[in-house]
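Along the sequence shown, the residues carry numbers beginning at 1. As a basis for the values below, the full set of heavy atoms in this structure was taken, side chains included, without hydrogen atoms, waters or symmetry mates.
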Amino acid sequence: MTALKNEPGGRIAMSGSVSVVRQLLQAGLLDELHLLVHPIAVRKGERLFDEGDNTVPLELIKSETFTTGVLYLVYRPAKASGDASYDDAKVHLPQDEQ
């Protein structure tokens with residue numbers, strides 16, 4: 001994958017392969033991660049971010065909400081911000097969401 005990324009040419013885009021996205025994230029080869037989040041909890045299927053010890057720090061660079069309630073989110077890799085948990089992050093939520 002590293003060799004392909006180092007080739008001259010345009011951008012590389014792909015969709016629908018959780019395993020490839022995981023490999024690109026792990027190898028530090030992903031420039032942007034585009035996600036569509038639908039307002040339904042399916043509760044089955046493969047998870048994009050599986051259990052593991054390695055965190056994947058991301059920075060939100062674009063977001064859009066469609067009239068259907070679908071969120072379009074674009075992230076890029078971010079510098080590691082140290083060890084953080086959901087409890088650390090939820091202090092930034094509005095009080096009624098905690």
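The two residues Pro39 and Thr68 have their closest heavy-atom pair at CG-O, 3.8 Å. Nearest heavy-atom pair across Asp31 and Pro77 is O-CD, 3.3 Å.
Every side-chain contact (heavy atoms from CB on, under 4.5 Å) that Ser17 has, sequence neighbours left out, goes to Met14, Ser19, Val20. For His34, the ring-ring contact (aromatic ring centres under 6.0 Å, His included) criterion is met by Tyr72, not counting sequence neighbours. Ala27 is linked by a side-chain contact (heavy atoms from CB on, under 4.5 Å) to Leu29, counting only residues two or more places apart in sequence or in another chain. With sequence neighbours excluded, the residues forming a side-chain contact (heavy atoms from CB on, under 4.5 Å) with Thr65 are Leu71, listed by chain and number. Every residue meeting the salt bridge (Lys or Arg N to Asp or Glu O under 4.0 Å) condition with Arg47, not counting sequence neighbours, appears here in chain and number order: Glu51. Under the side-chain hydrogen bond (donor to acceptor under 3.5 Å, both in side chains) criterion, Glu64 pairs with no residue at all, not counting sequence neighbours.
Residue Arg22 is tested with Leu24, Val18, Leu25 for a side chain to side chain contact (heavy atoms under 4.5 Å, CB included); the sole match is Val18.
At least one side-chain heavy atom of His38 sits under 4.5 Å from a side-chain heavy atom of Leu36.
In this structure, Arg76 pairs ionically with Glu59, as a charged nitrogen and a carboxylate oxygen lie closer than 4.0 Å. Contact check on Glu32 versus Lys62 returns no salt bridge, with no Lys/Arg side-chain nitrogen under 4.0 Å from an Asp/Glu carboxylate oxygen.
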Would Leu60 and Val74 satisfy side chain to side chain contact (heavy atoms under 4.5 Å, CB included), going step by step from the backbone distance to the final call? CA-CA 6 Å; Leu60 181 66; Val74 181; 5.8 Å; no

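Here the OH-CD1 distance, from Tyr75 to Ile61, works out to 10.5 Å after rounding to the nearest 0.5 Å. Atoms CG and CG, on Leu33 and Leu48 in that order, are 6.0 Å from each other to the nearest 0.5 Å.
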